[in-house]
Protein chains: 2
Amino acid sequence: MAPSTRRADRRQEPLSRERIVGAAVELLDTVGEGGLTFRALSERLATGPGAIYWHVTGKAELLAAATDAVVATIPGGDSDATPQEAIRALALGVFDAIDAHPWVGTQLARTPGQSPMLRIFERIGRHVQALRVPEAAQFTAASALMSYVLGVAGQNAANTRTLQPNTDRTEFLDAVATAWTELDPDQYPFTRNVADQLRNHDDRAEFLAGIDLILTGITAGRQSTG
Amino acid sequence: MAPSTRRADRRQEPLSRERIVGAAVELLDTVGEGGLTFRALSERLATGPGAIYWHVTGKAELLAAATDAVVATIPGGDSDATPQEAIRALALGVFDAIDAHPWVGTQLARTPGQSPMLRIFERIGRHVQALRVPEAAQFTAASALMSYVLGVAGQNAANTRTLQPNTDRTEFLDAVATAWTELDPDQYPFTRNVADQLRNHDDRAEFLAGIDLILTGITAGRQSTG
DNA sequence: ACCTGAACACCGTTCAAGT
DNA sequence: ACCTGAACACCGTTCAAGT
């Protein structure tokens, strides 16, 4: 009841894996991948660096857990939409999650058969099943979608990392388009040619267009059923 | 002519950007991404760490240059094959290059508009043009192919990194398949279901199947021309 | 112009010592 | 059982000093 009690906050909450991972996510979001340091983390948690090792085996596990925490949050497409719409919604969920937490894009590419990727793969796979893709082709279809999503994720993460914190999206695309226009016409004719299409360009729409390309390929190969 | 001349080797060759990048590639291939150290590199080049900074601005540039050196090597598909075959050949070239140098997979994902990626994008794009894809759709088509290739590249690099140096491919896939079979049936029905398809599984064939899916999607959307 | 190598400011991780 | 924080073995990078 004393005013001091009010202010004690969570300062004395016991350390836990949960709190550590939460603080790691915050740190990654705020200061980026280079900012996640055992020293910075322990300072934020008001302990010594060694304390963290009691709850977590090392930095690799910490990054994996942080990634998993974000991926577990991704919504999308479990309603009564068509399989195509469900896949689009899920893919967009991954896209937006990585947009909000660029480090997830980098991290996802680093954890092969691990749980964050498996979560997404499973969800894609169920929708592929719902598309009535023949069983022998389901793995290929789900893998292709997954790889595409990961590829875009990685690129977007890299782009965001390169970006000055203050430049916005269109400004950045404009700079890239200009750079492409100045390329050697003999070496880069195609890239120069599409540079202008880059200028007014919607990342999310472009991403979805790629998904649709793959979906078309998947359903084209499917034997037609009632 | 004296025997000692013979043995002098290249030990006294002056330091150059070229030699540095070459040694970096060797180091990356031999001891992996964690093994590329300015100390290890300078030891291999018989100098001090500071000498390298005279020719290269830092580690980031070094990694980019090493990646570029490998990517510049990728052959493929400039013969008189069909555009589809040319794209498959090029994609396979990237796939094999990353198989031989796993660190390239990681690195490619980190350099967004940089030259190694641009090289590949340009080559894909020309083949997309040859496919007679309408101009407005060319960027989307080339980007989708590029993202897919990068996605697979990243995953493969991650897999190789996780692998014990002595386990071979099929052994690894078997382990993954077994792990997937032991997943919770309620949470991972699809993944469990396709686990067996993983067991006798050809990475390259699967990769190409994904390329074909996208190619089908691209040509399906194309207006038919004589 | 180019190289040397000690020194600086960091890392992740460990571990004896505390409670 | 859990936390502390100094210490260890590394990093990338800089820079005065050499040739």
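Computed from a prediction, not measured in an experiment: that's the story for all the values here.
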Go ahead and name the base partner of D:dC3; Watson-Crick or wobble counts if both distances stay under 3.5 Å, otherwise write none. none
In whole angstrom, what separates A:Phe38's CZ from C:dT14's P? 10 Å
Heavy-atom side-chain proximity of B:Phe95 to B:Leu208 below 4.5 angstrom: no
Strictly under 3.5 Å: I want the nitrogen or oxygen pairs between protein and nucleotides 6-9 of chain C, one per line.
none

Interatomic distance, B:Leu45 CG vs C:dG5 P [rounded to whole Å]: 14 Å
When the nearest nucleotide of DNA chain C is assigned to A:Ala51 and to A:Leu36 on a heavy-atom basis, which residue is associated with the more 5' position? A:Leu36
CD1 of B:Ile20 versus P of C:dC2: gap in Å, rounded? 12 Å
Take the protein atom NZ of A:Lys59 and the nucleotide atom P of D:dC11, then report the distance between them rounded to whole Å. 15 Å
Quickly work out the B:Leu62 CG to D:dC11 C1' distance and round it to whole Å. 15 Å
Tell me if the CD atom of B:Glu33 is crowded by more than 12 foreign heavy atoms within 6.0 Å. yes
Using whole Å, what does the distance between atom P of nucleotide D:dC10 and atom CD of B:Glu43 come to? 13 Å
In Watson-Crick or G-U wobble terms, with both distances under 3.5 Å, the base opposite C:dC8 is D:dG12
Please work out whether the ring planes of A:Phe121 and A:Phe139 are parallel, tilted or perpendicular, with thresholds of 30° and 60°. perpendicular
From the set D:dT14, D:dC3, C:dT14, return the single nucleotide nearest to any side-chain atom of A:Tyr53. C:dT14
B:Glu61 atom CD: more than 12 heavy-atom contacts under 6.0 Å: yes
For the residue pair A:Leu183 and B:Leu118, establish whether any side-chain heavy-atom pair is separated by less than 4.5 Å. yes
Atom-to-atom span, CZ of A:Arg17 to C1' of D:dA1 - whole angstrom: 18 Å
Can we say B:Arg126 and B:Glu122 salt-bridge, meaning some charged N sits less than 4.0 Å from an Asp/Glu carboxylate O? yes
Does B:Thr37 reach a base, just sugar-phosphate, or nothing at all? Heavy atoms under 4.0 Å. sugar-phosphate
CD of A:Glu61 versus P of C:dT13: gap in Å, rounded? 11 Å
Can you see if the side chain of A:Trp54 gets near the phosphate of D:dC3 - specifically, an N or O under 4.0 Å from OP1 or OP2? no
Whether the side chain of A:Tyr188 engages the backbone of A:Glu182 through a donor-acceptor N/O pair (distance < 3.5 Å, no angle test) should be reported. no
